[in-house]
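Right, one structure below, let's go through it.
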Amino acid sequence: RLTVQNLPMVQVVVVGGGFGGAEVVKALQSQPNCTVKLVDCKDFFDINWAAPRCLVEPSVGRKAMFPFSSFLKKTDLIFGFLKSVDSAGKKITLHDGTSIDYDWLVLGTGTSYADKSFKSSQTEHELETVHQRLANMEGTSAKVSAAKHVAIIGGGPSGVEMAGELMTDTNAKVTLITPHDHLLPQLPPRAGDKAERLLRNGGVNIMKGYRAQNQQDGSLVLTPSAAGLEDVDHIFWCTGSKPNTEWADQDWLDDTRRIKVDHTLRVQGQANIFALGDCANADLMNAYRAVEQGKIVAANLKQVLRGRPGEKRYKPLPTPMMIVSLGRRSGLWQLPCCSITGFVPTKMKSAGMFIDKYRSDMGIKKSEQLGPAESAQVPEGGSSTQT
């Protein structure tokens with residue numbers, strides 16, 4: 001009979017400490033027959049759904065970002081970027097040549113945004129510390145505070161939320177530009193119509209059916225052409241994201257370059273590799289769903305550590321669900337049957353962006369937050385620290 005004492009030690013490597021990956025690491029780090037290594041291009045966790053709020057109120061960033069060491073007490077953190085996966089040899093290679101063996105691999109490499117204001121860069125070799133990220137955010141906030149006209153390119157959730165924050169907390173003229181007929185094209189048209197009405201009532205200029213290009217001199221050119229943007233002095237590019245899967249075997253990817261996974265979140269054709277979050281095709285790209293996927297992967301790995309198959313299944317949402325903040329005093333909640341605005345979504349998300357709730361879920365004390373941004377030395381890629 002297998003017991004914890006006579007089960008073999010297993011090494012789990014998690015690549016990407018976002019919402020899904022962090023959930024897996026946190027759940028496994030105290031398992032007696034398991035060692036956990038986390039590979040990430042940064043040394044901190046980022047509640048990045050709060051980025052629009054942080055960009056107008058950078059003090060919020062000191063709560064929305066916190067070092068991995070504050071909640072991953074028994075995990076080996078390795079600073080680096082994934083370059084390749086050798087599934088036959090059960091090892092990964094980082095950008096600097098560091099090789100890491102695994103028994104089980106969890107891939108949560110996420111996505112990259114067009115505008116680095118919203119999320120840590122995934123460009124190779126651009127490793128980032130929490131204080132560097134905070135300093136960059138505070139620098140952008142200062143530019144926004146001085147701006148007289150801010151343009152937002154993209155009418156998805158990030159663009160709409162950024163417009164809501166600027167509408168609420170700055171005196172700048174705000175123009176939101178989208179190629180679509182509705183805002184929030186991922187949701188039913190009525191949700192976009194409600195968001196548009198709230199933003200227009202707050203003074204946001206919305207231009208639908210236009211595509212934007214940034215010129216070398218920093219000016220915007222629209223197709224079809226339109227006037228009124230000559231005085232824009234800051235631009236946020238909220239034009240979607242692309243999966244960070246350049247390292248992946250092409251057979252692993254679907255047409256959108258997301259990793260194909262089965263119902264247990266294993267990579268198709270790979271018995272001991274899981275993928276989750278925005279880089280996997282299990283569900284909509286959504287932080288809340290990434291957390292739920294992390295719980296499923298963690299449950300399956302716990303089963304494996306006990307000598308069982310690990311066949312718990314993930315169930316994607318049948319219809320899109322999302323809360324979109326529109327500044328701290330308004331919000332929109334898309335439910336399976338309808339979308340609502342007013343007190344409930346405002347109280348649930350817009351007022352505090354779920355920051356305190358998520359910090360509590362991760363075991364972070366309310367009194368624990370970063371001080372003002374300061375310069376910090378980035379560790380060498382592939383370096384390892386026990387956290």
Salt bridge (Lys or Arg N to Asp or Glu O under 4.0 Å) assessment of E292 paired with K295: CA-CA 5 Å; E292 295 304 303; K295 292 176 180 177; 3.4 Å; yes
N/O donor-acceptor pair under 3.5 Å between [X] side chain and [Y] backbone:
X: N244; Y: T111; answer: yes
X: S350; Y: S330; answer: yes
X: Q213; Y: V221; answer: no
X: S360; Y: D356; answer: no
X: Q293; Y: G277; answer: yes
X: N281; Y: V261; answer: yes
X: D283; Y: L317; answer: yes
X: K63; Y: I355; answer: no
X: T140; Y: N136; answer: yes
X: N300; Y: K312; answer: yes

With V13, the side chain to side chain contact (heavy atoms under 4.5 Å, CB included) member among D101, L107, I100: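 With V13 as partner, side chain to side chain contact (heavy atoms under 4.5 Å, CB included) holds for just one option, I100.
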Roughly how far apart are [X] [atom1] and [Y] [atom2], rounded to 0.5 Å?
X: M137; Y: S59; atom1: CE; atom2: OG; result: 11.5 Å
X: W247; Y: T93; atom1: CH2; atom2: OG1; result: 12.5 Å
X: K208; Y: T178; atom1: NZ; atom2: OG1; result: 9.0 Å
X: I92; Y: Y102; atom1: CD1; atom2: OH; result: 8.5 Å
X: L284; Y: M322; atom1: CG; atom2: CE; result: 6.5 Å
X: F68; Y: L38; atom1: CZ; atom2: CG; result: 5.0 Å

Residues V150, T170; criterion side chain to side chain contact (heavy atoms under 4.5 Å, CB included); working and verdict: CA-CA 10 Å; V150 179; T170 73; over 6 Å; no
Plane angle bin for H234 and F236 - parallel if under 30°, tilted between 30 and 60°, otherwise perpendicular: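 Perpendicular.
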Between D43 and T129, a side-chain donor and acceptor under 3.5 Å: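 The answer is no; no qualifying pair exists.
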Any side-chain donor near an acceptor of the partner, R266 and T264, under 3.5 Å: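 Distance-only check passes for R266 and T264.
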Can you get from [X] to [Y] by hopping between Ile, Leu, Val, Met, Phe, Trp and Tyr side chains that sit under 4.5 Å apart?
X: M321; Y: M285; value: no
X: V15; Y: L253; value: yes
X: M362; Y: V106; value: yes
X: V324; Y: Y288; value: no
X: M9; Y: W104; value: no

Side-chain touch V36/L72, heavy atoms, less than 4.5 angstrom: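 Of all side-chain heavy-atom pairs linking L72 with V36, none is under 4.5 Å.
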I'd like to know if [X] and [Y] make a salt bridge, using a cut-off of under 4.0 Å between side-chain N and carboxylate O.
X: K357; Y: D361; answer: yes
X: E128; Y: K42; answer: no
X: K37; Y: D76; answer: yes

List the atom of [X], the atom of [Y], and the distance in Å for their closest heavy-atom pair.
X: G209; Y: P224; answer: O-CD, 3.6 Å
X: I153; Y: I235; answer: CG1-CG2, 3.8 Å
X: D233; Y: H149; answer: OD1-O, 2.7 Å
X: F118; Y: P52; answer: CE2-CG, 4.2 Å
X: F71; Y: K26; answer: CD1-CD, 4.4 Å
X: L176; Y: G159; answer: CD1-O, 3.6 Å

Counting neighbours of [atom1] on [X] that are heavy atoms of other residues, nucleotides or ligands and sit closer than 6.0 Å, is the number greater than 12?
X: D231; atom1: CG; value: yes
X: D249; atom1: CG; value: yes
X: R211; atom1: CZ; value: no
X: K242; atom1: NZ; value: no

K73 and S30: CA distance, side-chain angles, deciding distance, side chain to side chain contact (heavy atoms under 4.5 Å, CB included) verdict: CA-CA 9 Å; K73 305 295 186 182; S30 297; over 6 Å; no
Aromatic contact, F45 with Y358 (centres under 6.0 Å):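 Ring-ring flag for F45/Y358: true, centres closer than 6.0 Å.
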Passing candidate, salt bridge (Lys or Arg N to Asp or Glu O under 4.0 Å) with E161, options R53, K349, R328: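 Among R53, K349, R328, the one that satisfies the salt bridge (Lys or Arg N to Asp or Glu O under 4.0 Å) with E161 is K349.
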